Amino acid sequence: MQSLLLPAAAEPWNGHDTQLVVVAAIGIALIVFLIVKLKLHPFLSLVLGSAFVGLASGVELGKVISNFEDGVGGTLKEVGLLIALGAMLGKLLADSGGANRVVDTLLGKVSPKVLPWAMALVAAIIGLPMFFEIGLVLLLPVIVLVSQRSGRKLMRVAIPALAGLSVLHGLVPPHPGPLVAIASLNAPLGITLALGLLIAIPTVIICGPLFAIYAARWVPVDAPKVAGGIDTEHTQADPDVKRQPTFLVTLLTIVFPVVLMLLKTVVDIVDPNSKNPSAARVFFDFIGEPLVAMTLAVLLALVTFGYAVGFTGAKIGTKIGASVGPIAAVILIVGAGGGFKQTLIGAGVGDAVAKWATGANISVLVLGFLIAVAIRLATGSATVATVTAAGIVAPLASSLSPGHAGLLVLAVGAGSLFLSHVNDAGFWLVKELFGLTVGQTFKTWSVMETLISVVGFALVMVLSVVVP
């Protein structure tokens, strides 16, 4: 195992940096207190917590507002639109009888003992080319219906699916975090992909189906009555359905955006020239963008889950409208989570943590992991943690072997997943979609993310002994 060390930081840690970290910690505690003890709505709690951090850290008054607004806008333009499109697709999937078809097929062909493993496998396949948020909103109807029909507690089914999506998102290209780290560290894509999959498989097993046994005991909740705008207690096909979609049609509609994103990735690898791209790359890059892929998937669902099952245009329009209203609060809360994240970044919390990390005198793999962990805890953003950590350790990457450069990418990726909490939009997305309390979300989602981070990094260190 290589043990190269980083040079001392150019700017040492100072009192102001300590103040920023303390303010961030108080801000996080304030948000939790307002929600848990005072029962204040999470959106308002996040707004107040952001205001406290901005003002207490000495940021200009105008910047306090603009940082929060930028964070909300940045999150909603990436996640908010995808949540809305996913809700539309999910509503049509449920009301057409398509979700029932998938669930009945799963339950009919998979034994109850194997069901959590099947959910992890399905989520991993869906999550290979797809952003975590899109995969979650797509699988949400299936997760809650499987929980209801099988009689399993929600976490026994949900945790394997969440683990499959999260592990692939954080460790395996073509997701943005790993790709950014690969570019920053000049790691070979093929080797990093192979090592990432090698680490991802046991990580999903340990943190998904196995951890779900304990998560279901800690939080023994049943599936929510309403999930992502879908009434999960009344999911039989709409009375106007004349012919339910077949399992094959349903499956193809669900994986359609997955295929588009995967094609984009394949074309980008085959044709890496981004400065002078071919017409094929331009086309597939366009249709493979998450927003475009999900929009096309909804348009396809209008046919396969709409007109083809007997719905009129007016009926489809009504269902699309009905799908958006119930998720308005979810979108606002997720956006406010992004605003709090950007408030922390704008206050300089991420830079303070990075400054401390560059003065550490430890192995480059350990350092890359710890920097990503610290910035993830401070800012709530896995992407920011990955970009920052990769940039800090980049000077050492040139002296690493290709295999160890790939492992460094994975160490950073593992650290970027550590302990999702109230400054992470994903925390609020999971909480709201599954109808959990803040405490229940910490006991399940946050613990799972921490376990993924630790297990993934442990496997990186094991491989560092044998990989040349």
Side-chain angles (χ1 to χ4, degrees), residues 1 110-128 132 135-136 139 143 146-147 152-173 175 177-178 192-220 365-366 368-370 372-373 376 382 385-386 406-407 409-421 424 426-427 430 434 440-467:
M1 180 176 65
V110 177
S111 70
K113 290 184 178 180
V114 180
L115 194 56
W117 299 83
M119 292 302 300
L121 177 62
V122 170
I125 294 172
I126 294 289
L128 185 60
F132 171 82
L136 178 56
L139 286 177
I143 293 171
V146 166
S147 174
R152 295 265 184 164
K153 293 298 182 182
L154 176 63
M155 289 301 115
R156 193 73 177 89
V157 178
I159 287 295
L162 290 172
L165 293 170
S166 182
V167 170
L168 272 293
H169 180 79
L171 298 180
V172 180
H175 289 286
T192 306
L193 176 59
L195 292 173
L197 290 173
L198 190 61
I199 290 172
I201 293 171
T203 303
V204 170
I205 291 172
I206 294 170
C207 306
L210 296 182
F211 170 65
I213 298 172
Y214 301 96
R217 294 174 184 170
W218 298 340
V219 182
L365 292 179
V366 175
F369 172 76
L370 291 179
V373 166
R376 161 72 158 178
T386 299
L407 289 175
V409 170
L410 299 174
V412 169
S416 73
L417 297 176
F418 192 88
L419 189 61
S420 167
H421 61 96
D424 177 18
F427 177 93
V430 171
F434 289 118
Q440 290 171 338
T441 310
F442 270 114
K443 291 179 182 178
T444 53
W445 164 254
S446 298
V447 173
M448 184 203 76
E449 286 285 88
T450 304
L451 190 60
I452 288 173
S453 178
V454 172
V455 171
F457 179 64
L459 293 172
V460 167
M461 298 306 289
V462 171
L463 287 179
S464 69
V465 178
V466 297
V467 171

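Everything numeric here is computed off the predicted structure, so don't read it as measured data.
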Least distance between heavy atoms, [X] atom then [Y] atom:
X      : Y      : answer
Gly415 : Ser453 : CA-OG, 3.8 Å
Leu407 : Val460 : O-CG1, 3.6 Å
Phe418 : Val454 : CE1-CG2, 4.1 Å
Pro209 : Ile205 : CD-O, 3.5 Å
His421 : Phe427 : O-CB, 3.1 Å

Exercise. Got a sec, which pairs hit salt bridge (Lys or Arg N to Asp or Glu O under 4.0 Å) with one end in residues 442-456, sequence neighbours left out?
Worked result: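 Of all non-adjacent pairs touching residues 442-456, those that pass salt bridge (Lys or Arg N to Asp or Glu O under 4.0 Å) are Arg376-Glu449.
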Exercise. Do Phe442 and Trp218 have ring centroids that are under 6.0 Å from one another?
Worked result: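 No, too far apart.
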Could you measure the distance from the [atom1] atom of [X] to the [atom2] atom of [Y]? Nearest 0.5 Å is fine.
X      : Y      : atom1 : atom2 : value
Arg217 : Lys153 : CZ    : NZ    : 13.5 Å
Leu139 : Leu165 : CG    : CG    : 5.5 Å
Leu410 : Ile199 : CG    : CD1   : 4.5 Å
Gln440 : Trp445 : CD    : CH2   : 16.0 Å
Leu162 : His169 : CG    : NE2   : 13.0 Å
Leu451 : Ile159 : CG    : CD1   : 10.0 Å

Exercise. Within the side chain of Arg152, is there an N or O that forms a donor-acceptor pair under 3.5 Å with the backbone of Pro112?
Worked result: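 It does hold such a pair.
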Exercise. Where the side chain of Thr450 meets the backbone of Ser446, is there a donor-acceptor pair that is under 3.5 Å apart?
Worked result: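 Here the side-chain-to-backbone pair exists.
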